[in-house]
Amino acid sequence: MPPDREAAIGALRRQGRGAGLDLSRRTVTLSDGADLEWDQLIIATGVRPRRLAGGEAKGVHHLRSDRDALALAADIRRHGRLVIVGGGFIGLEVAATARKLGAGVTVLEPQADPMIGRLGPEVAAKLLARHRAEGVDLRLGCAVRALETRADGRTLESVQLAEGGAIETPALLVAIGCTPNVEWLQGSGLALDNGVVCDAFCRAAEGVWAAGDVARWQHLGLGRSLRIEHRTNAAEQAEAVARNVLGAGVAYTPVPFFWTDQYDVKIQLAGVCPPEAERRIEFGDLDGRSFVQTWRVEGRLVGVIAWNAAKALTGFRRELTFDRPVAAAGGSQR
Ligand SMILES: Cc1cc2nc3c(=O)[nH]c(=O)nc-3n(C[C@H](O)[C@H](O)[C@H](O)COP(=O)(O)OP(=O)(O)OC[C@H]3O[C@@H](n4cnc5c(N)ncnc54)[C@H](O)[C@@H]3O)c2cc1C
């Protein structure tokens with residue numbers, strides 16, 4: 001972090017992990033046993049990758065930090081092949097990058113249609129077809145039973161498949177989603193349910209707030225609680241929480257937004273994609289290089305997906321707002 005930002009923050013404790021929270025004393029206990037008093041507390045401890053049993057073996061990777069990325073890249077270059085467990089956004093982004101590096105890539109995904117809930121049937125099918133056209137061995141409906149190590153007990157040898165059989169591989173990425181970092185809050189009295197549970201203002205208790213990947217808050221526009229693992233939300237929610245700490249009292253009702261870059265394709269999604277919405281191609285051609293697809297519920301725009309169409313997305317994005325409730329807006333986040 002640049003020194004001027006560090007100075008603005010005040011006391012940045014680089015090794016200071018929160019280990020416990022006492023709401024009545026208004027203190028956070030650090031991992032070194034010290035207590036920190038607070039007037040207002042913002043919880044922004046993010047998430048960490050889920051792991052498989054045997055995930056400590058040499059050759060098994062998880063992706064969260066720059067160090068993780070460098071270690072994975074080194075193994076992809078060294079071995080020239082990679083097996084990825086999980087066909088979500090991170091798994092597919094890495095698949096595309098590894099193919100660009102010339103590696104042979106196999107993706108194992110237990111669901112038959114992993115992207116439909118996130119991108120809808122047409123865009124999901126197009127994305128998966130692109131991976132296959134690029135030479136990814138994409139195995140849908142294929143679950144992993146176990147990871148096997150070599151005789152040394154420390155080095156990955158193969159992935160055992162639930163359906164029988166195994167794939168030998170020296171390098172494996174586990175990309176099966178994330179777990180919110182909330183263990184240190186257990187017993188504090190805060191509601192924890194796949195994240196820190198907050199009200200519409202991102203408040204978890206009097207003077208306690210949460211923001212970013214770890215926060216589950218009540219989105220009044222969508223009429224449900226939501227936890228979003230996207231950078232735009234982390235930034236927007238941090239601003240909303242800062243305003244509310246200062247007394248703004250404004251409910252947080254963002255339009256969810258994310259992007260993913262795979263091969264030469266940039267997919268951007270604003271809003272939500274509930275299955276009951278009416279889908280329409282508004283720009284370009286679904287079979288072509290770029291297009292925009294909109295999602296409408298009772299005529300109201302609730303979601304828009306752009307495939308290599310960042311400019312065309314802008315106008316639709318302006319039209320999207322969840323300040324007033326949407327009738328039935330499901331759809332899932334990353
Ligand atoms: C590989 C990868 C690719 C991604 N790509 C995209 C993308 O293309 N587009 C997009 O929108 N988003 C993407 N994301 C998601 C995006 O990075 C996250 O949404 C964003 O980083 C969330 O910010 P955050 O501050 O909530 O959490 P984080 O960035 O995870 O920060 C949480 C911090 O809290 C610290 N912490 C944890 N526990 C404690 C504790 N007990 N005490 C003190 N500190 C603690 C952690 O060490 C960490 O520094 C990607 C994420 C990954 C992993």
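Because the structure is predicted, anything quoted here is derived from the model rather than measured. Starting from 1, each residue takes its place in the sequence as its number. All ligand and atom numbering here is 1-based and tracks the order in the structure.
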S.K.: For Trp184, take its heavy atoms, then give the atoms of ligand 1 lying under 4.0 Å from any of them.
M.R.: 41 (N)

S.K.: Please identify which atoms of ligand 1 are closer than 4.0 Å to at least one heavy atom of Gly46.
M.R.: 27 (O), 30 (O), 32 (C)

S.K.: Which ligand 1 atoms, with their elements, are less than 4.0 angstrom from a heavy-atom of Glu229?
M.R.: 15 (C), 19 (O)

S.K.: Can you see whether Arg203 engages Asn244 through a side-chain donor-acceptor pair at a distance of less than 3.5 angstrom?
M.R.: no

S.K.: Check the side chains of Gln40 and Trp209 for a donor-acceptor pair under 3.5 angstrom, ignoring hydrogens and angles.
M.R.: yes

S.K.: Can you tell me which portion of Leu63 lies within the under-4.0 Å heavy-atom range of ligand 1? Options are side chain, backbone, both, or neither.
M.R.: both

S.K.: Pick one of side chain, backbone, both or neither for how Trp259 approaches ligand 1, counting any non-hydrogen atom pair under 4.0 Å.
M.R.: both

S.K.: Can you confirm whether or not the ring centre of Phe258 sits under 6.0 Å from the ring centre of Phe89?
M.R.: yes

S.K.: So which atom in Ile176 and which in Arg50 form the shortest heavy-atom distance, rounded to 0.1 Å?
M.R.: O-NH1, 2.7 Å

S.K.: Are the charged groups of Arg296 and Glu319 less than 4.0 angstrom apart, N to O?
M.R.: yes

S.K.: State whether the number of non-hydrogen atoms from other residues, nucleotides or ligands found under 6.0 Å of Glu183 atom CD is greater than 12.
M.R.: yes

S.K.: Just which atoms of ligand 1 are under 4.0 Å from any heavy atom in Ala44?
M.R.: 32 (C), 33 (C), 34 (O)

S.K.: When you measure from atom 35 (C) of ligand 1 to each heavy atom in Leu21, Leu269, Val214, Thr45, which option holds the nearest one?
M.R.: Thr45

S.K.: Between His61 and Asp68, does any side-chain donor sit less than 3.5 Å from a side-chain acceptor?
M.R.: no

S.K.: Pick one of side chain, backbone, both or neither for how Ile90 approaches ligand 1, counting any non-hydrogen atom pair under 4.0 Å.
M.R.: side chain

S.K.: Is there a donor in the side chain of Gln160 and an acceptor in the side chain of Ser158, or the other way round, less than 3.5 Å apart?
M.R.: yes

S.K.: If the cut-off is 4.0 Å to any non-hydrogen atom of Ala234, which atoms of ligand 1 fall inside it?
M.R.: 22 (C), 23 (O)

S.K.: List the steps, then state whether side-chain hydrogen bond (donor to acceptor under 3.5 Å, both in side chains) holds for Ser24 with Asp22.
M.R.: CA-CA 6 Å; Ser24 55; Asp22 189 324; 2.9 Å; yes

S.K.: Check whether any N or O atom of Thr260, backbone or side chain, sits under 3.5 Å from an N or O atom of ligand 1, and answer yes or no.
M.R.: no

S.K.: Using a heavy-atom cut-off of under 4.0 Å, does the side chain or the backbone of His230 touch ligand 1, or both, or neither?
M.R.: both

S.K.: One residue to check: Ala69. Relative to ligand 1, which of side chain, backbone, both or neither has a non-hydrogen atom less than 4.0 Å away?
M.R.: neither

S.K.: Going by the atom numbers of ligand 1, which of them fall below 4.0 Å from some non-hydrogen atom of Gly212?
M.R.: 26 (O)

